[in-house]
Amino acid sequence: MERKEWPLWEVFVRSRNGLDHKHCGSVHAPDAKLALQVARDVYTRRQEGVSIWVVQADHIVASDPDAKPELFDPAEDKIYRHPTFYQLPDEVNHM
Amino acid sequence: MYTQALDIPQQSADKGPRVVENPEYQAEFDARIDAGGYIEAKDWMPEAYRKTLIRQISQHAHSEIVGMLPEGNWITRAPTLKRKAILLAKVQDEGGHGLYLYAAAETLGVSRDELLEALHSGRAKYSSIFNYPTLTWADIGVIGWLVDGAAIMNQIPLCKCSYGPYARAMVRICKEESFHQRQGYDLLLAMMKGTEEQREMVQDAVNRWWWPSIMMFGPHDKDSVHSGQSARWGIKRISNDDLRQKFVDATVEQAKVLGVTMPDPELKWNAERGHHDFGAIDWDEFWNVVNGHGQGNVDRLAARVKAWEDGAWVREAALEHERKRAAREHQAA
């Protein structure tokens, strides 16, 4: 099969050291090297980053949006996982 | 800019009543919109919402890409190295904006090639403003000041539109547009401090671009075909006429500082309304340009198609190069 469109890559940029890479968009490129080059030109024209990751879009495995309730709701009623659940005496409540 | 597309009916598109495909999902979707929440790429959405967004985002992207042409026209003739560097950066930004937006449109399940094909075949529209010619260097300044100024006015509400990928692209774009507007005004200020001939050049450019700029906000609210539904969906937050009024009010003061006048004898402050009144817009001209009969429609599209076709061998060669590299790697393994 003839493939004419360059594959899609997702772009993640670390804005400065100490921060995570963050998804910022996508680009089309024929290979990894050019994907990095294009991502640099498209997403970091004003020093928005110090490091770029690119990953081919069809290599990303995403959770199913329809499965949101079963995946994320179980955490909703586990408020004891948060420090604010515990009321301590005033003298020590800053703990 | 160029949300004008919102108001322009497209041959193939989405007429008729909104189809409720799944009442339960629809209710959830409506609730999220009402709460000011965001819809993300893989979330359920009504088909008409998806189509409207594809149309609007892609036409917005096309406008950015075609918008490179009238300005690119002046890169080799910029008067100084400084102005050339600025203009190059601006035109590169327009390309970047087009790419952010194509990427956002693709999250809705349409391919880049399909979007480009729609542009090249003339099926998709782009902002009519780019069908006007850039006759002098002052046009470059006026485009930054008025055209990008109108664009910013239009785009800021889109930073909060209900579709997440579009809203995020718009945040990035708006940050960069501010540079576009300011460099344009700065360019004009420099010319106004120059010779009489330069000042006349600026005034002439303002005379030609003023009306097309205020047409960029699209038809009057009462004639706008998609506005109601788009407002319901949180895609359009402020009406065409309100945005246009805001733009006119903001620009009058800027014109005064610059020392130019707008080509509208009816433009004056109305204390009662607390806004400037302005003359009637020539909508025949607007529709004429939208429908392909502006001064530049044919050339702009031809330049786009030529660039795409002339680049075909590069795209193919790059893919083939990667295919061979991958095959070599596979063999070595």
Side-chain angles (χ1 to χ4, degrees), chain A residues 1-16 19-49 52-73 76, chain B residues 22 24-25 28-29 32 39-45 88-107 110-117 164-166 168-169 171-173 175-176 178-179 308 311-312 314-326 329:
Chain A
M1 187 194 79
E2 196 193 9
R3 190 185 63 182
K4 290 193 77 181
E5 190 171 282
W6 286 355
L8 189 66
W9 304 72
E10 296 302 328
V11 179
F12 301 80
V13 170
R14 183 201 295 286
S15 57
R16 58 186 161 85
L19 296 179
D20 293 323
H21 283 78
K22 198 173 146 195
H23 182 247
C24 68
S26 42
V27 295
H28 284 273
D31 59 47
K33 192 175 158 195
L34 272 169
L36 273 177
Q37 179 72 44
V38 174
R40 189 206 69 143
D41 291 346
V42 175
Y43 292 104
T44 63
R45 288 193 302 282
R46 289 178 176 79
Q47 296 185 292
E48 289 94 336
I52 300 175
W53 291 347
V54 290
V55 55
Q56 229 176 303
D58 48 12
H59 291 178
I60 289 186
V61 182
S63 65
D64 175 2
D66 285 339
K68 232 181 279 175
E70 65 233 51
L71 283 176
F72 305 112
D73 287 356
E76 199 176 54
Chain B
N22 181 323
E24 191 190 326
Y25 285 178
E28 212 176 292
F29 172 89
R32 200 181 306 171
I39 308 299
E40 292 295 344
K42 298 277 155 64
D43 293 344
W44 184 90
M45 61 187 83
L88 272 169
K90 181 180 192 283
V91 173
Q92 194 190 15
D93 274 356
E94 306 296 1
H97 295 178
L99 295 176
Y100 308 155
L101 289 163
Y102 281 131
E106 286 173 82
T107 63
V110 60
S111 76
R112 179 78 57 100
D113 279 357
E114 286 171 74
L115 297 174
L116 292 177
E117 200 279 322
Y166 191 25
R168 290 190 288 275
V171 169
R172 193 176 275 277
I173 289 173
K175 275 190 204 157
E176 298 178 353
S178 180
F179 144 62
W308 178 249
V314 179
R315 294 191 300 277
E316 284 159 22
L319 268 183
E320 185 58 16
H321 177 73
E322 169 59 13
R323 195 189 60 76
K324 282 189 179 159
R325 191 206 57 79
E329 192 178 83

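Note that these values count all heavy atoms, side chains included, but never hydrogens, waters or copies made by symmetry. In what follows, chains are A, B, ... by sequence order, proteins preceding strands, each numbered from 1. Every value quoted in this text rests on a predicted model; they were computed, and no experiment measured them.
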Completion exercise
What one should report as the nearest heavy-atom pair of A/Pro7 and B/Leu319 is CD-CD2, 4.1 Å
Exercise for the section: Evaluate whether atom CG of A/Asp20 has more than 12 neighbouring non-hydrogen atoms of other residues, nucleotides or ligands under 6.0 angstrom away. Expected result: no
Fill in the blank from the handout: Looking only at A/Ser26, A/Pro65, A/Gly25, most heavy-atom pairs under 4.5 Å shared with chain B are made by A/Pro65
Exercise for the section: To the nearest 0.5 angstrom, please state how far the NE2 atom of A/His28 sits from the OH atom of B/Tyr102. Expected result: 10.5 Å
Handout entry: Segment of B/Tyr25 engaging chain A (4.5 angstrom heavy-atom cut-off)
Key = side chain
Practice task
Verify the neighbour count for atom NE2 of A/His23: are there more than 12 heavy atoms of other residues, nucleotides or ligands below 6.0 Å?
Solution key: yes
Handout entry: Side chain, backbone, both or neither of B/Arg172 within contact of chain A (heavy atoms, under 4.5 Å)
Key = side chain
Problem - Interatomic spacing from NZ in A/Lys4 to OG in B/Ser111 - rounded to 0.5 Å - result: 12.0 Å
Practice task
Using the salt bridge (charged side-chain N to carboxylate O under 4.0 Å, His left out) rule, take A/Asp31 and B/Arg323 through it: C-alpha gap first, then chi angles, then the decisive distance, then the call.
Solution key: CA-CA 9 Å; A/Asp31 59 47; B/Arg323 195 189 60 76; over 6 Å; no
Exercise for the section: Count the heavy atoms of every other residue, nucleotide or ligand shown that sit under 6.0 Å from CD of B/Glu24, and state whether that count exceeds 12. Expected result: no
Practice task
Go through the atoms of B/Thr107 and report whether side chain, backbone, both or neither lie under 4.5 Å from a heavy atom of chain A.
Solution key: neither
Practice task
Please flag which part of A/Asp66 lies under 4.5 Å from any non-hydrogen atom of chain B: side chain, backbone, both or neither.
Solution key: side chain
Problem - A/Leu8 to B/Glu106 - nearest heavy-atom pair and separation - result: CD1-OE1, 3.9 Å
Exercise for the section: Give the member of B/Glu40, B/Lys175, B/Lys42, B/Glu176 that has the highest number of heavy-atom pairs under 4.5 Å with chain A. Expected result: B/Glu176
Exercise for the section: Measure across A/Trp6 and B/Arg315 and return the closest heavy-atom pair with its distance rounded to 0.1 Å. Expected result: NE1-O, 3.0 Å
Problem - Sidechain-backbone polar pair: A/Glu5 side chain, B/Asp113 backbone, donor-acceptor under 3.5 Å - result: yes
